[in-house]
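Quantities reported herein were computed from a predicted structural model and do not represent experimental measurements.
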Amino acid sequence: MSQKNVKLFISYSWSSKEREEWVINLASSLREDGVDVVLDKWDLREGQDAYKFMEKMVSDEDVKKVIIVSDKTYVDKADSRTGGVGTETQIITPKIYQEQDQTKFVAVVAEKDTAGKPWLPIYYQSRIFIDLSDDDLYAQNYEQLLRWIYNEPVHIKPPLGNKPAFLAGDDVPTLETSAFYRKAMEAIRSDKTNWMAAVQDYFEQFASNLENFRLSPGTNNDIDDRVVQNIEQFLPYRNEAIELFLALARYRDENSTAKILHEFFEKLIPFLFAPEGIGAHSSWDFDNFRFIIHELFLYCIASLIKYERFALVERLLKQQFFTQVFRHQGKTMVHFSTVHESLPSLEQRSRKTRRLSVRADLLEERSKVSGLPFVNLMQADFVLFLRGLLDRLRETESRSRWWPETLLYACFGPTRIFEIFSRAQSREYLNAMGVMLGVSKKSHFDSVIEGLKTGKIRGPSWQFESPNIEELMNYENLGTKE
């Protein structure tokens with residue numbers, strides 16, 4: 001059975017500022033998911049004995065779970081029994097070996113050696129660990145960690161005679177993509193000759209079964225609640241898709257990759273609108289699909305940008321999408337901005353909750369278990385916003401407005417230049433990165449900046465909040481260095 005408010009202690013060795021931030025981010029995510037994390041940075045005060053604090057946390061019966069963040073520094077100290085880690089090791093080792101059903105301690109691998117082998121202390125090497133060192137698998141393995149904490153393992157044996165929830169009339173829909181996903185990921189990483197067919201099979205299964213998530217008829221009064229619940233139920237499948245996007249971006253830098261991704265989103269676009277043959281419907285009956293597909297597209301672009309697959313982004317954005325159900329002006333070939341549709345239900349929820357944008361809030365909250373930092377999503381959103389503006393200014397597409405939902409979070413605090421635009425101080429990098437925007441030098445952005453300054457181009461804003469576009473794109477410094 002699941003538990004609530006599980007008290008958990010994180011044991012780690014300070015090796016660098018980066019590792020400290022990594023641990024704090026992990027602890028923060030766990031607390032947001034209901035885990036009562038005890039961490040020295042939060043709970044150990046000046047004047048207190050650090051060793052006694054660690055001993056108490058490891059031995060305290062109220063602390064139900066202990067995470068051992070294992071990296072090279074931790075292993076060196078644990079194996080040599082030095083420092084606070086050495087003291088903890090002397091307490092932990094007998095508890096692990098003496099208790100047959102040991103469920104209190106787990107090693108979370110934060111680093112691997114040059115051969116790809118996880119750093120683990122000697123006393124733990126024969127035991128199952130959780131790997132959070134790989135960005136591509138972070139979302140999946142973070143879920144595994146949560147399941148361990150709440151005693152709900154990933155592979156749980158169902159009661160004899162009970163049908164799966166989706167066959168037993170349960171309200172939770174499914175895509176039934178797990179087997180296709182595993183086959184596709186294995187084919188990509190192993191560089192198998194059938195990788196393309198395996199990925200296409202996965203995307204075909206995904207698109208075919210997305211209908212399972214269609215909202216059932218209900219009242220408009222609760223539509224926002226039903227949309228939010230639906231997209232939350234979709235989260236495991238979104239995470240699968242993100243990991244596949246990342247794997248494709250990392251291992252498959254080929255024209256065929258952009259083609260496969262383009263075909264995938266082409267299959268999803270019909271879900272943005274009323275299916276053929278449907279009678280009366282509300283403008284927000286498809287809001288769940290509109291959120292899901294928009295979010296998937298953002299993560300697809302963010303994954304490609306992460307691995308600097310700029311040419312793949314350009315191919316994906318330049319090629320229009322074919323659809324027979326497009327409702328605007330009878331078009332059958334549409335711009336990528338079609339993927340971004342308004343969500344009346346979430347706009348209603350924003351008004352009810354007095355939030356500037358519930359949609360942006362959901363994108364930010366859901367990013368915490370995606371394996372990609374939210375800033376990567378914001379950067380992709382910004383690229384799509386600029387590409388839409390440039391397409392319109394070049395008169396290659398009249399309907400090309402992309403509203404960058406996530407840039408709401410760029411309105412607060414100091415302006416943060418996005419990484420690819422910071423690197424684009426280099427003329428060589430600007431030329432490479434600019435491929436996905438159709439630019440090669442700073443002056444190609446002049447019409448955008450001038451339009452925003454004069455008001456001819458409407459920049460993104462939320463009530464009285466607007467991000468500084470010129471600073472976000474590092475405009476003044478673009479291409480100024482060799």
Side-chain angles (χ1 to χ4, degrees), residues 1-14 19-20 22-45 48-71 74-75 77-78 83-110 118-133 137-159 235-236 365 368-369:
M1 294 180 62
S2 64
Q3 305 175 40
K4 293 183 178 180
N5 300 322
V6 179
K7 193 172 185 180
L8 176 146
F9 174 61
I10 298 182
S11 170
Y12 71 103
S13 178
W14 192 94
R19 175 66 65 233
E20 181 183 41
W22 190 94
V23 171
I24 290 173
N25 288 337
L26 173 62
S28 299
S29 294
L30 290 172
R31 284 193 64 84
E32 289 167 1
D33 285 315
V35 183
D36 184 10
V37 176
V38 179
L39 187 67
D40 58 355
K41 294 298 177 184
W42 298 335
D43 299 292
L44 183 62
R45 296 290 178 260
Q48 292 182 325
D49 190 315
Y51 283 9
K52 286 186 177 180
F53 172 79
M54 290 184 289
E55 290 177 19
K56 182 177 186 301
M57 289 302 102
V58 172
S59 303
D60 191 342
E61 292 184 0
D62 290 336
V63 177
K64 302 300 182 184
K65 300 287 183 178
V66 175
I67 288 176
I68 302 161
V69 176
S70 189
D71 57 11
Y74 187 96
V75 169
K77 292 181 179 179
V85 170
T87 302
E88 289 181 20
T89 299
Q90 294 178 41
I91 301 170
I92 292 172
T93 303
K95 290 181 179 292
I96 288 180
Y97 284 125
Q98 292 171 10
E99 298 178 18
Q100 282 187 321
D101 187 25
Q102 192 286 113
T103 60
K104 182 173 181 176
F105 302 88
V106 75
V108 170
V109 172
W119 283 105
L120 288 168
I122 292 172
Y123 71 83
Y124 200 92
Q125 287 184 355
S126 64
R127 297 181 178 270
I128 296 173
F129 58 88
I130 295 174
D131 184 6
L132 293 185
S133 66
L137 295 174
Y138 191 93
Q140 177 180 322
N141 293 347
Y142 177 79
E143 179 185 341
Q144 180 188 357
L145 177 61
L146 284 176
R147 288 180 176 277
W148 171 76
I149 292 170
Y150 286 107
N151 294 326
E152 292 190 7
V154 176
H155 305 293
I156 187 168
K157 187 176 181 179
L235 194 60
E365 179 66 29
K368 295 172 184 175
V369 291

* In terms of side-chain heavy atoms, does Asn151 have a donor or acceptor partner in Lys64 at a distance below 3.5 Å? -> no

* **CA sep, side-chain torsions, deciding dist, call: Asp40, Phe9, side chain to side chain contact (heavy atoms under 4.5 Å, CB included)** => CA-CA 9 Å; Asp40 58 355; Phe9 174 61; 5.7 Å; no

* **Heavy-atom check, side chain of Tyr12 versus side chain of Ile68, under 4.5 Å** => no

* **Minimal non-hydrogen separation, Leu145 against Ile130, with atom names** => CA-CD1, 3.6 Å

* To do: Hey, could you give me the CZ/CG distance between Arg19 and Asp71, rounded to the nearest 0.5 Å?
  => 4.5 Å

* Gap between atom NZ of Lys65 and atom CZ of Phe105 - 0.5 Å precision -> 10.5 Å

* How close do Val109 and Asp131 get, heavy atom to heavy atom, and via which atoms? -> O-OD1, 3.8 Å

* Would you give the length of the straight line joining atom CD1 of Ile24 to atom CG of Leu39, rounded to the nearest 0.5 angstrom? => 6.5 Å

* When rounded to the nearest 0.5 angstrom, what is the spacing between CG in Leu8 and NZ in Lys104? -> 10.0 Å

* N/O donor-acceptor pair under 3.5 Å between Asn141 side chain and Gln144 backbone -> no

* Structure fact -> Distance col, row Leu137:CG vs Leu132:CG, nearest 0.5 angstrom, shows 10.0 Å

* Asked: Does the side chain to side chain contact (heavy atoms under 4.5 Å, CB included) test come out yes or no for Val75 and Ile122, once each step is laid out?
  -> CA-CA 8 Å; Val75 169; Ile122 292 172; over 6 Å; no

* To do: Give the minimum heavy-atom separation between Phe129 and Pro118, together with the two atoms involved.
  => CZ-CG, 3.7 Å

* Asked: How long is the span from the CG atom in Leu120 to the CZ atom in Arg127, to the nearest 0.5 Å?
  -> 12.0 Å

* Asked: For Ile10 and Val38, what are the C-alpha separation, side-chain angles and deciding distance, and is it a side chain to side chain contact (heavy atoms under 4.5 Å, CB included)?
  -> CA-CA 7 Å; Ile10 298 182; Val38 179; over 6 Å; no

* Does the side chain of Trp22 reach to within under 4.5 Å of the side chain of Ser133, using non-hydrogen atoms? -> no

* Is Ser70 reaching over with its side chain to a backbone N or O of Trp119, donor-acceptor style, under 3.5 angstrom? -> yes

* Please tell me if the side chains of Asp36 and Arg31 come closer than 4.5 Å, counting only heavy atoms from C-beta onward. => yes

* Measure from the side-chain N and O atoms of Tyr142 to the backbone N and O of Ser29, and report whether any donor-acceptor pair falls under 3.5 Å. => yes

* Return the minimal non-hydrogen interatomic distance between Lys7 and Asp62, and the atom names on each side. => CB-O, 3.4 Å

* **Smallest separation among heavy atoms of Tyr74 and Pro121, with atom names** => CE2-CG, 4.4 Å

* **Taking every non-hydrogen atom, the tightest pair across Ser13 and Lys77** => OG-NZ, 3.2 Å

